[in-house]
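Bear in mind the structure is a predicted one, so any value in this text is a computation, not a measurement.
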Amino acid sequence: MDLLASILYDTVYHAAPIILCVIGGVFAYQANVLNIALEGMMGIGAFASTLTVYFTNSLVLGLLAGVFAALIFGVAFSVMGVTLKGNVIIIGVALNLLVTAIAGFVMVRMNVANISLSNLNVSDLQVTIPGIDAIPILGPIVSGHPILTYVAFIGIWLMWMLSYRTKFGTYVRVVGENEDAAKSLGLKTNFYKIVAILIGALTCGLAGINLSTERLGLYTNGMTAGRGFVAIAAIYCGRGDPLKSSLYAILFGFARSLSINLAIYAGPAAGLFDVIPYVVMVVVLLVVQISKRRNVRTRGFANG
């Protein structure tokens, strides 16, 4: 029972930053923009927030710095990819690599291997939900997480509402499905694409803050560990729907939790369990693609 509770708690823990990337990243997907820079936006948010808290001891300034840095990356991606019509894959990869370069340079200048917030007790940032924490089984799983973890799960509903219950969401989907038709309706397609990208940058910044400052009080290069790409996989599997994509993000979070908790009992073979999240991601992508192809063939659109 303790193992199960630990796995479920860690599922929420590990799913939160992926969900934050997903709920913002779906808008770029809906606008038919492949935002490969989710990883970099998350990474720069993590770095900027931790660095700011390190020098100022202010969590509020750290939050603002993380979001602002991610938005700067979002603006750069938008200008080069949408306004100037550059190759979004090359731009995204460049921004992802830029984070590692910037953080590495700064830490070399600081003469540190990582940025540790020794004055910050991360346990103080965990929120205990009155009443919920006393419920057997459910309480220990749901209660005791940082506030941005709860923001992530509430954000699923908010982003679904924004996507399917507002004119903005409708226009973004129109731009993504048929840009020429959107232009004929008088829609400024580049505007909606840029705003969609910036929404993703905002939530990726929050994901980075949740991952580094809020949960660990630490930044080290490469700590995002491909979570931005996992978020892209979740968005693809959920076909840009905030709810469905978030469910896949939770599945990937569960895989990460499973690998960590099982590794504790694996002894010398513990390292083998590190591959579980990536194996699950590949299998899920394969199943989704096969299912999609079968649906196309059933409707009579596939050749052969």
If we check side-chain contact (heavy atoms from CB on, under 4.5 Å) with Ile19, which of these qualifies: Thr149, Ile156, Val12? Ile156

Hey, which of Phe27, Tyr171, Phe168 is the one that makes side-chain contact (heavy atoms from CB on, under 4.5 Å) with Val195? Phe168

Apply side chain to side chain contact (heavy atoms under 4.5 Å, CB included) to the pair Ile23 and Ile199, showing each step before the final yes or no. CA-CA 9 Å; Ile23 59 177; Ile199 291 174; over 6 Å; no

Check: Tyr9 ring centre within less than 6.0 Å of His145 ring centre: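 Yes; His145 has its ring centre under 6.0 Å from that of Tyr9.
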
Test side chain to side chain donor-acceptor pair (under 3.5 Å) on Tyr192 and Asn190 and set out the steps. CA-CA 6 Å; Tyr192 286 101; Asn190 281 359; over 6 Å; no

Quick check: closest heavy atoms across [X] and [Y], and the distance to 0.1 Å?
| X | Y | result |
| --- | --- | --- |
| Thr224 | Leu211 | CA-CD2, 3.8 Å |
| Ala225 | Glu39 | N-OE2, 3.8 Å |
| His14 | Gly253 | CB-O, 4.0 Å |
| Thr189 | Ala182 | CG2-CB, 3.9 Å |
| Ile197 | Met41 | CG2-CE, 4.3 Å |
| Ala231 | Leu38 | CB-CD1, 4.4 Å |

Any side-chain heavy atom of Ser78 sitting closer than 4.5 Å to one from Val75?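 No. Closest side-chain heavy atoms not under 4.5 Å.
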
If you define the side chain from C-beta out and look only at heavy atoms, does anything of Thr50 sit under 4.5 Å from Leu117? yes

Who passes side chain to side chain contact (heavy atoms under 4.5 Å, CB included) against Leu8, sequence neighbours left out? Leu4, Ile141

Using the test side chain to side chain contact (heavy atoms under 4.5 Å, CB included), find all partners of Met80 that sit at least two apart in sequence or belong to another chain.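 In terms of side chain to side chain contact (heavy atoms under 4.5 Å, CB included), with neighbours along the sequence ignored, Met80 is linked to Ala76, Ile91.
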
What's the verdict on side chain to side chain contact (heavy atoms under 4.5 Å, CB included) for Val33 and Phe77, showing C-alpha distance, side-chain angles and the deciding distance? CA-CA 11 Å; Val33 178; Phe77 184 87; 3.9 Å; yes

Roughly how far, to the nearest 0.5 Å, is the CG atom of Leu125 from the OG atom of Ser123?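 It is 8.0 Å, given to the nearest 0.5 Å.
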
Straight-line distance of Thr52 OG1 to Ile115 CD1, nearest 0.5 Å: 9.0 Å

Counting only N and O atoms by type, is there a donor-acceptor contact under 3.5 Å from the side chain of Ser49 to the main-chain atoms of Ala65? no

Counting distance only, does the side-chain N/O of Ser163 pair as donor-acceptor with the main-chain N or O of Trp160 below 3.5 Å? no

Could you go step by step and tell me if Ile44 and Ile72 meet the side chain to side chain contact (heavy atoms under 4.5 Å, CB included) rule? CA-CA 10 Å; Ile44 198 65; Ile72 291 296; over 6 Å; no

Given the rule in the side chain to side chain contact (heavy atoms under 4.5 Å, CB included) test, do Leu198 and Ile194 qualify, once you have shown the distances and angles that lead to the verdict? CA-CA 6 Å; Leu198 293 181; Ile194 291 171; 4.0 Å; yes

